[in-house]
Amino acid sequence: MTYLARNGALAEELERRGDPSADQIARAVAASKATGHKLEDTLLELGILPDDALADLLADWLELERHRRDNDLTPMLDPAWGVDPGFLRSQQICAGILPDGGHVLLMADPRAAELHQMMTYATGLEFSVFVATAGEANKALDLASAPDMASDAGDRSEANARDIDQLAQSASEGPIVRPAQQIMLAALDARASDIHIEAEANGGQVRLRIDGRLSPDRKLSEAEIRALQSRLKVMAGLNISELRRPQDGRIRQSLRGVPIDFRLSSLPTQFGESLVMRVLDQRARPLDLAGLGFTRERAARLDDLFNRTEGLLLVTGPTGSGKTTTLYTGLTRLDAQANKIITIEDPIEYTLPNICQTQIHPEIGYDLPEALRSVLRQDINVVLVGEIRDRDTAQNAVRIAMTGRLVASTLHTPSAIAAVDRLRDLEVPDFLLASTLTGVLSQRLVRRADGSGRIVVSELFEVTDAMAQRIADGMPAYQIAREAALEGHESLTEDGARLVADGLVTRADLEAVLIADSRTSAPVRER
């Protein structure tokens with residue numbers, strides 16, 4: 001059954017029941033069509049129906065059993081089934097057994113017949129379907145994954161089990177669904193890059209990172225912070241009963257008719273958890289390098305480096321300096337129809353048109369070096385590597401560049417020319433480095449003096465024939481920097497001084513960014 005048919009049937013049933021209102025149904029249907037999401041998901045995302053009300057409705061409409069606490073169901077998860085628990089969590093389903101021996105599937109989407117069939121085939125069991133909320137299904141899966149919680153003889157106390165039960169219930173209730181939506185909308189409206197949701201001694205707070213600085217958004221009571229964090233973890237497919245280990249997940253929401261991704265990270269703290277959500281709004285990506293704040297001259301030189309489609313091109317800088325955005329923007333300038341372009345990422349942040357993107361999974365052995373070895377069999381022209389962080393990745397990237405392909409990647413170094421010594425530290429031979437490295441861009445983001453947003457401060461080290469010879473001869477990076485300066489190379493501080501002179505950034509904001517890296521802490525001089 002197609003989403004359109006599913007949505008149409010559910011919309012008709014909602015209209016027949018008269019709750020929610022016709023206007024609310026029409027709004028949800030329009031948003032569902034615009035995003036391709038199921039109508040039931042859209043009703044939840046917009047806060048029109050709470051989880052439990054939707055589950056009650058689906059059970060009544062489809063004449064199925066509704067999962068209740070008094071069902072006395074024991075969750076099941078057998079490794080012999082060969083079914084990934086992460087997949088079950090993402091689909092919000094869990095198997096269970098009743099006291100009479102009957103087998104049950106808890107399903108947040110009881111109309112997903114293909115999931116029912118998949119579980120029957122994988123387990124060899126016949127299941128009846130109980131309708132559950134996403135929180136109920138994932139809570140049952142948590143219990144199935146941790147038998148000590150489901151057993152009276154387990155190590156965890158009954159009080160702890162009740163706490164988890166309460167968190168799961170509060171995470172799916174309407175009162176917390178709407179604040180979760182409101183916080184995400186507030187971040188989107190403020191053009192925030194990150195949302196911080198932090199537990200404190202007697203409650204919690206929400207802060208938004210806007211133009212590089214954290215700004216308070218709202219305070220929360222202890223009950224509110226626990227419920228909000230549980231709600232977000234459920235949405236991201238995380239284990240809400242796990243409060244002692246870091247977890248990572250992803251949420252996709254339709255906000256004002258636009259699909260927005262949030263990359264969620266949880267970290268245990270002394271008062272509870274710190275949740276950080278990176279906002280991945282594809283509409284915010286510029287279409288060209290000039291739109292990032294590069295001068296026309298620098299944007300043209302970068303365009304030239306990307307269009308060579310061979311060699312090693314690097315972008316360096318600290319976390320949050322916009323390195324990946326610059327690489328993405330450069331790739332979108334290439335002819336993706338005429339070139340085979342592949343990205344290797346962890347995780348995939350934005351979807352790029354006509355470009356193949358693969359996400360690494362180190363836990364199953366699919367790491368960066370393995371991915372780089374594999375892409376060579378894909379008849380590639382260009383490959384983007386999310387980050388060069390170890391010897392194997394560096395050496396494989398250089399080897400691919402030696403075969404006449406363009407390899408673009410990021411690196412953590414304090415300056416562009418320092419990338420030379422960093423690659424040497426990763427045991428890339430001088431002769432290979434000299435013959436493959438085409439350019440290194442180092443960049444930082446600084447708040448604009450007027451208005452919102454940030455502007456890029458950068459330096460571009462282009463490897464000319466003379467520079468390649470110096471690298472091949474083993475000249476240290478600091479000596480290469482001296483030679484480059486004599487030949488007109490502009491440093492980060494010099495580019496920043498130009499922005500200060502033009503009134504685009506303040507000296508205080510510029511120095512705050514440059515001094516944040518102790519190795520680029522030279523004061524900004526007047527031009």
**Study point:** Under 3.5 Å side-chain donor-acceptor pair for Ser374 and Tyr366
**Key:** no
Practice item. Would you check, one step at a time, whether the test salt bridge (charged side-chain N to carboxylate O under 4.0 Å, His left out) holds for Asp509 with Arg213? Key: CA-CA 11 Å; Asp509 282 342; Arg213 293 185 178 179; 2.9 Å; yes
Check your understanding: About how many Å separate CG of Leu437 and CD of Glu462, when rounded to the nearest 0.5 Å?
Key -> 11.0 Å
Check your understanding: Quick one: do Glu387 and Lys323 make a salt bridge, cutoff under 4.0 Å?
Key -> no
Check your understanding: Donor-acceptor pair, Gln443 side chain versus Glu459 backbone, under 3.5 Å?
Key -> no
Exercise for review: May I ask you to check whether Thr269 and Ser274 show a side-chain donor-acceptor distance below 3.5 Å?
Suggested key: no
Practice item. Write down the atom of Pro353, the atom of Ala336, and the distance for their closest heavy-atom approach. Key: O-CB, 4.3 Å
Check your understanding: Heavy atoms, side chains only, cut-off 4.5 Å: are Lys219 and Glu200 in contact?
Key -> yes
Review point. Would you find a donor on one side and an acceptor on the other, under 3.5 Å apart, between the side chain of Thr343 and the backbone of Glu345?
Key: no
Review point. Do the side chain of Thr436 and the main chain of Gly311 share a donor and acceptor less than 3.5 angstrom apart?
Key: no
Revision key, fill the gap. Closest non-hydrogen contact found for Ile251 with Leu232 is CD1-O, 3.6 Å
Review point. Take atom CG in Asp465; do more than 12 heavy atoms of anything else shown fall under 6.0 Å from it?
Key: no
Review point. What pairs with Arg405 under salt bridge (Lys or Arg N to Asp or Glu O under 4.0 Å), at least two apart in sequence or on another chain?
Key: none
Exercise for review: Report the C-alpha distance between Thr316 and Ser442 in whole Å, list the side-chain angles of each, state the deciding distance to 0.1 Å, and finish with yes or no for side chain to side chain donor-acceptor pair (under 3.5 Å).
Suggested key: CA-CA 5 Å; Thr316 78; Ser442 183; 3.3 Å; yes
Review point. Can you check salt bridge (charged side-chain N to carboxylate O under 4.0 Å, His left out) on Glu487 and Arg470, steps first, answer last?
Key: CA-CA 14 Å; Glu487 296 172 7; Arg470 291 168 183 143; 2.8 Å; yes
**Study point:** Residues Ser193 and Arg191: side-chain donor-acceptor under 3.5 angstrom
**Key:** no
Check your understanding: Judged by atom type as modelled, is there a donor-acceptor pair below 3.5 Å linking the side chain of Glu40 to the main-chain atoms of Asp109?
Key -> no
Check your understanding: Nearest 0.5 Å, what's the CD1-CG distance between Ile260 and Leu188?
Key -> 5.0 Å
**Study point:** Atom CE of Met402 with >12 non-hydrogen neighbours under 6.0 angstrom
**Key:** no
**Study point:** Set of residues satisfying salt bridge (Lys or Arg N to Asp or Glu O under 4.0 Å) with respect to Arg250, sequence neighbours excluded
**Key:** Asp261
**Study point:** Validation row: Leu305, Arg301 side chains within 4.5 angstrom (heavy atoms)
**Key:** no
Review point. Are Arg278 and Asp194 ion-paired here, with the side-chain N under 4.0 Å from a carboxylate O?
Key: yes
**Study point:** Side-chain donor-acceptor pair present, Arg207, Ser215, cut-off under 3.5 Å
**Key:** no
Review point. What's the verdict on salt bridge (charged side-chain N to carboxylate O under 4.0 Å, His left out) for Glu273 and Arg226, showing C-alpha distance, side-chain angles and the deciding distance?
Key: CA-CA 9 Å; Glu273 288 185 289; Arg226 284 164 58 88; over 6 Å; no
**Study point:** salt bridge (charged side-chain N to carboxylate O under 4.0 Å, His left out) evaluation trace for Asp51 with Arg231
**Key:** CA-CA 11 Å; Asp51 285 5; Arg231 170 65 182 172; 3.3 Å; yes
Check your understanding: Is atom CG of Asn202 surrounded by more than 12 heavy atoms (other residues, nucleotides or ligands) closer than 6.0 Å?
Key -> no
**Study point:** Heavy-atom closest contact (Gly386 atom, Thr410 atom, distance)
**Key:** O-OG1, 2.7 Å
